[in-house]
Amino acid sequence: ATADGTLRVAIVGLGWWSRERVLPALANLENCTATVGVSGSSAKRERAVADWPSVEHGLSYDEFAAGEAVDAYDAVYVCTPNALHLPHVETAAEFGKAVLCEKPMEASVERAERLVAACEDVPLMVGYRMQTDRAARSVRQLVREGVVGDPVTVHGHMSQPIAEMFDDPSHWRLDPDLAGPGASVTDLGVYPINTSRFVLDADPEAVTAATWSGGGEWFERVPDERAGFQLAFPDGVTALCSVSQNAYKTAEFRVVGTAGEIRMRPGFFGAQENELFLSTPAGETSVTYEPADQMRELFCFFADRVLGEKAIPADGEHGLVDMRVVEAVYDAAEDGTRHQF
Ligand code: NDP
């Protein structure tokens with residue numbers, strides 16, 4: 001860290017999320033700053049150094065792996081396609097750096113387990129931005145306080161039209177070698193899965209699922225253009241989740257309890273205002289959360305934990321549960337049976 005206690009981060013992978021959401025968020029943060037940009041593109045590296053005063057070094061992946069500018073950063077943020085998280089996390093851990101790894105942690109349970117093992121001696125956090133989001137934290141708090149009674153059912157939905165977003169059927173999210181077993185559950189399903197776990201403060205015991213793909217140029221390589229799945233939590237609490245990479249862009253998260261209901265809209269998309277509706281026999285109230293910079297909140301939390309040497313809730317073991325659930329969703333959809341953990 002710097003003398004004034006700021007965590008210095010190397011940003012690995014300068015894709016749209018790193019460039020448009022992470023670098024701007026870090027430019028505006030007191031306890032965390034970006035000092036290194038790692039990219040396969042020399043133009044992007046140069047651009048990052050030119051555009052962001054705190055970014056002093058632009059490295060290629062080989063230079064990063066070789067330890068160049070290793071003293072210029074304390075932590076590494078990995079934001080590459082899923083199946084390329086592991087090698088960069090291994091490099092970071094080898095140099096003793098704290099790791100913030102994007103979701104999903106990796107492309108398979110096996111690779112995610114290797115990632116967690118690599119970080120045995122360094123702090124590891126998975127980038128679940130809903131866990132530091134104010135609206136989602138309020139939902140958790142209301143459930144904890146019993147405001148809706150005992151939770152009975154959770155509904156989580158997230159969908160987007162990937163073809164309109166990326167204009168490229170060879171995009172890595174549709175390539176199993178880079179994304180993992182599918183396109184919707186791996187990329188979007190993680191939001192309802194992890195947010196359900198976070199809000200209920202529990203882990204699922206079993207999974208049933210159905211997936212569907214229309215094939216064609218965009219979805220021929222993935223089983224889940226769309227997916228619906230059900231997570232059985234302890235005490236008979238059920239999470240019903242649906243995701244699609246080829247639908248209207250929308251999301252919602254809802255908790256129904258024995259004595260009320262909470263809805264969070266639009267739920268999982270960052271950079272939009274979130275509205276919470278609380279309905280109980282006493283009536284309905286709503287709170288609007290102005291658009292928050294979720295990546296700012298996420299990095300602020302990460303830096304606070306690492307600098308303060310405090311425990312990290314969304315650590316590797318926490319992330320592995322999601323990876324196992326995602327894998328079980330695909331297995332359950334394929335063989336049509338209920339998968340028990
Ligand atoms: P992008 O495709 O925009 O960026 C990924 C970057 O990885 C590329 O720009 C490239 O950067 C680098 N890269 C290295 N090898 C490859 C390769 N073979 N194919 C494609 N890119 C490669 O992806 P995103 O930024 O959308 O996603 C990156 C990660 O972040 C994923 O794990 C994703 O799930 C996660 N994510 C999380 C979000 C959240 O809300 N938490 C939102 C968006 C993404 P370069 O040219 O610099 O080498």
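In listed order, ligands and their atoms are each counted from 1.
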Exercise. Applying a 4.0 Å heavy-atom criterion (strictly less than), which segment of H85 is in contact with ligand 1: side chain, backbone, both, or neither?
Worked result: side chain

Problem set entry | For atom 37 (C) of ligand 1, the protein heavy atom that lies nearest, with its residue and separation | E102 OE1, 3.2 Å

Problem set entry | Option set L14, D177, L84, D175, criterion heavy-atom distance to atom 16 (C) of ligand 1, minimum | L84

Exercise. Taking N or O atoms only and a 3.5 Å limit, does Y61 qualify as a polar contact for ligand 1?
Worked result: yes

Problem set entry | Minimum-distance protein heavy atom relative to atom 34 (O) of ligand 1 | K103 O, 2.8 Å

For this session: For Y191 and ligand 1, answer yes if some heavy atom of the residue is under 4.0 Å from a ligand atom, otherwise no.
Result: yes

Problem set entry | Min side-chain heavy-atom separation L100-L298 under 4.5 Å | yes

Seminar exercise, completed: re atom 47 (O) of ligand 1, the protein heavy-atom contact at minimum distance is S39 OG, 2.5 Å

Problem set entry | Identity and distance of the protein heavy atom lying nearest atom 38 (C) of ligand 1 | W17 CE2, 3.7 Å

Seminar exercise, completed: of all protein heavy atoms, closest to atom 46 (O) of ligand 1 is K44 NZ, 2.6 Å

Exercise. Does the side chain of D304 come within less than 4.5 Å of F301's, by heavy atoms?
Worked result: no

Exercise. Looking only at distance, does G40 have an N or O less than 3.5 Å from an N or O of ligand 1?
Worked result: yes

Problem set entry | Closest protein heavy atom to atom 29 (C) of ligand 1, given as residue, atom name and distance to 0.1 Å | T80 O, 3.3 Å

Exercise. Given the side-chain rings of F299 and Y77, with only the six-membered ring counted for Trp, is the space between their centroids under 6.0 Å?
Worked result: yes

Seminar exercise, completed: From the list N194, N82, D322, D187, side-chain hydrogen bond (donor to acceptor under 3.5 Å, both in side chains) partner of K103 resolves to D187

For this session: Could you tell me whether R45 approaches ligand 1 through its side chain, its backbone, both or neither, with non-hydrogen atoms closer than 4.0 Å?
Result: neither

Exercise. Where's the contact between Y128 and ligand 1, heavy-atom distance under 4.0 Å: side chain, backbone, both or neither?
Worked result: neither

Exercise. When you check the gap from the basic side-chain N to the acidic O, do E261 and R254 get nearer than 4.0 Å?
Worked result: yes

Exercise. Does some side-chain heavy atom of F253 sit less than 4.5 Å from a side-chain heavy atom of M158?
Worked result: no

Problem set entry | Y61 side chain to T80 side chain, donor-acceptor N/O pair below 3.5 angstrom | no

Seminar exercise, completed: Counting heavy atoms under 4.0 Å, the part of R21 that contacts ligand 1 is neither

Exercise. Could a heavy atom of C79 be found less than 4.0 Å from some atom of ligand 1?
Worked result: yes

Exercise. Could E113 and R324 be called an ion pair, given the rule that one side-chain N must be under 4.0 Å from one carboxylate O?
Worked result: yes

Exercise. For F198, is the NZ or CZ atom of R140 found under 6.0 angstrom from the centre of its six-membered ring and inside 45 degrees of the ring axis?
Worked result: yes

For this session: Report, in ascending order of atom number, the atoms of ligand 1 lying under 4.0 Å from any heavy atom of N82.
Result: 31 (C), 32 (O), 34 (O)

Seminar exercise, completed: Atoms of ligand 1 under 4.0 Å from any heavy atom of P104, numbered from 1 in the order shown, are 34 (O)

Exercise. Do any N/O atoms on V38 end up under 3.5 angstrom from N/O atoms on ligand 1?
Worked result: no

Exercise. Starting from atom 3 (O) of ligand 1, which protein heavy atom do you reach first, and at what distance in Å?
Worked result: W16 CD1, 2.8 Å

Problem set entry | Worked check of side chain to side chain donor-acceptor pair (under 3.5 Å) between H318 and R197 | CA-CA 10 Å; H318 177 87; R197 292 177 57 211; 3.2 Å; yes

Exercise. Going from CD on E252 to CZ on F277, what distance comes out if it is rounded to the nearest 0.5 angstrom?
Worked result: 8.5 Å

Seminar exercise, completed: On a heavy-atom basis, the closest approach of G319 and V126 is CA-CG2, 4.3 Å

For this session: Number the atoms of ligand 1 from 1 as they appear, then name those within less than 4.0 Å of a heavy atom of R129, with their elements.
Result: 39 (C), 40 (O), 41 (N)

Exercise. Where on W172 is there a heavy atom closer than 4.0 Å to ligand 1, on the side chain, on the backbone, on both, or on neither?
Worked result: side chain

Problem set entry | L26 side chain reached by S54 side chain, heavy atoms, under 4.5 Å | no

Problem set entry | Nearest neighbour in protein (non-hydrogen) for atom 19 (N) of ligand 1 | P81 CG, 3.8 Å

